[in-house]
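Just so we're on the same page: letters track the sequence lines, and every chain starts at 1.
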2 protein chains.
Amino acid sequence: MVAERGRRSGAGAAQKRSRPPAKSGAPDADNAPTAEMPAVVATTATTPDPEVRARSIPEAAVARLAVYLRVLSAMAEQGATTVSSEELSTAAGVNSAKLRKDLSYLGSYGTRGVGYEVEVLVGHIERTLGLTRQHKVAVAGIGNLGHALANYGGFPGRGFPVEALFDIDPDLVGVPVGGLPVSHLDDIPRVCTERQISIGVIATPPTAAQSVCDRLVAGGVQCILNFAPVVLQVPEHVEVRKVDLAVELQILSFHVARRADDAELAASAVNGKPGSAKARKGKAVAGNGAVIPS
Amino acid sequence: MVAERGRRSGAGAAQKRSRPPAKSGAPDADNAPTAEMPAVVATTATTPDPEVRARSIPEAAVARLAVYLRVLSAMAEQGATTVSSEELSTAAGVNSAKLRKDLSYLGSYGTRGVGYEVEVLVGHIERTLGLTRQHKVAVAGIGNLGHALANYGGFPGRGFPVEALFDIDPDLVGVPVGGLPVSHLDDIPRVCTERQISIGVIATPPTAAQSVCDRLVAGGVQCILNFAPVVLQVPEHVEVRKVDLAVELQILSFHVARRADDAELAASAVNGKPGSAKARKGKAVAGNGAVIPS
DNA sequence: ATATGTGAACGAGTTCACAGCG
DNA sequence: CGCTGTGAACTCGTTCACATAT
């Protein structure tokens, strides 16, 4: 079944809206975990529990936290010590309400009437994202893309050291790339286990992706970042994120096409239908770069 | 049926809420349709509108259409002529209800009791995604990643030919990469205009990204795929999609951390609170690999 | 009988607006 | 007052279940 019962969204208050026809055939499914209390902390028993933070943060908010973190780090480097939600949100390309809501998921660390302390916020976000531990990365498939990834040296910022490279090409095995020798795909399970790799990056051709994925899983990898254009099959305890260039381009293509259609329509928008005159509204916030997609 | 031209006009119920002026960047979606009545959509149901297909497809669905397209192409190559929603959805890693809903956005092209004709479906999806036209691509920043992108030759499948490369390094300008000579960043506007580039890919260091972006826009580019970890500022008619490696990894990191916390909790789950024993559930999505939305 | 197409319930995520602290 | 924190309204997206067509 498609279970799902995951995160209860932020704010408590299970406030349903007036629901017209109470027909409902068989809604059932997840039993709401008595979510009644006002979200914040208290959630778990008596402890303000400094450790419970992470729980129940909407997936989308997590992605934005990473962005806030980057912006905050940049601000810190420039000597800023405090920021208001307005400043930070603008720099991150979201609106201030969303930003405050996102930050509220990790507790109340701002000062009313003032703003947030940069250092403090950075610390809390890092902790929430689990950046206090190191996550060793392995890259499989040392082609053009894999090469690029391997050469990143330690991945974005630090905290994600690349500690293993794999490829199937015999001419490549043993050769150091970015200072690290390439191992054979067959050794993925062993090497990953030995080096305690927790994140595997798949940059192989699509045909090899699933098999590589299986081996990564066998090697104890917990998360996979997949650049190959295939839908991976993984056991449920493994988290997969996919970055698909073709999909990205096609989404952009869709928007170009839509826009072109609108232009056409605009031409014939002279007649009746007052409502249709305005045609569709523009998209939303410019730079808000919708998180990545899928 | 949902739509007509973008937002439908306010249906009955004069419910709206006070709407302040909308300060800075707020998108301000104006009139809210008050989700009060059963969306029976009598609202504007009067439009059979034959050609309007593409309009009003949820962003998320668009991304999946691209995936369906890939799967369908693969099936076609293997000689399949029809597919059921069940087969296709499994192959694409979604559930059949979602698949059918997605396909319904582009019209009814299935045969009840049978399924869909592969060829027909491919055609409709391609048309909807605007893949019938070619979208010329330019890549700016020929470092490791840019190099990899340039060497893709024609991007994913075809339909996205790379027709311009840019970099700021004098030693690189003029040198052919993947068969195409690199031009200087300063020439972006001119070259993009001349070659009718419609999609720009930014693979430069973060510091250069905004400036490159501005030049791409000046060159008439309509869409931008941004690999640089910065929030780009663009005029509203330009569509931006962002692919951020650091963010992806940090999201994965978050999940690792959450899982670890759960493990800890599980250990101390021996005591009271019968309900809390189960601690949180794993993620959802059964079979397929998570497919995280975004 | 079987599988599509879709209205409507459900739930996730976003925005609003204001209570309340500093 | 100013700005955070947040309940509640609203919108978007997903899932359900069944009428409908073949």
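Two residues are said to be in side-chain contact when any heavy atoms from C-beta on lie closer than 4.5 Å; A:L245 and B:L225 meet this criterion. The shortest side-chain heavy-atom distance between A:L99 and A:Y68 falls under the 4.5 Å cut-off.
Of the side-chain N and O atoms in A:T111, none sit less than 4.0 angstrom from OP1 or OP2 of C:dG22. Side-chain N/O atoms of A:N95 include none lying less than 4.0 angstrom from OP1 or OP2 on C:dT14. Between C:dG5 and B:Y116, a contact under 4.0 Å exists linking OP1 or OP2 to a side-chain N or O.
Atom pair B:Y109:OH and D:dA21:C1' shows a separation of 17 Å (rounding to whole Å applied). Following rounding to the nearest Å, A:K98 (NZ) and D:dC10 (P) show an atom-to-atom distance of 19 Å. In this structure, B:E86 atom CD and C:dA1 atom P are separated by 20 Å, rounded to whole Å. The CG atom of B:L121 sits 9 Å away from the P atom of C:dG5 (whole-angstrom rounding). Protein atom CD of B:E59 is 12 Å distant from nucleotide atom P of D:dC12, rounded to whole Å. In this structure, B:D102 atom CG and D:dT15 atom P are separated by 10 Å, rounded to whole Å. One atom, CZ of B:R64, and another, P of D:dG13, lie 9 Å apart when rounded to the nearest Å. One can place NZ of A:K101 at 17 Å from P of D:dT11, the figure rounded to the nearest angstrom.
Between A:A97 and A:V114, the residue anchored closer to the 5' end of DNA chain D is A:V114, taking for each the nucleotide with the nearest heavy atom. If A:G113 and A:A61 are placed on DNA chain C by their nearest nucleotide, the residue sitting closer to the 5' end is A:A61.
Residue-to-nucleotide contacts include no donor-acceptor pair under 3.5 Å from the side chain of B:R112 to the base of D:dT22. Taking 3.5 Å as the limit, the base of C:dT4 and the side chain of B:R100 contain no donor-acceptor pair of atoms between them.
The pair B:R241-B:E59 meets the salt-bridge criterion, since a charged nitrogen lies less than 4.0 angstrom from a carboxylate oxygen.
Distances from the side chain of B:S104 to the nucleotides D:dG5, C:dG13, C:dT6 place C:dT6 closest. Among D:dT22, D:dT14, C:dT4, the nucleotide with an atom closest to any side-chain atom of B:Y105 is D:dT14.
Under a 3.5 Å cut-off, the side chain of B:T111 and the backbone N or O of B:V114 do not form any donor-acceptor pair.
By the neighbour-count criterion of 12 heavy atoms within 6.0 Å, atom CD of A:E117 is sparsely surrounded, having that number or fewer from other residues, nucleotides or ligands.
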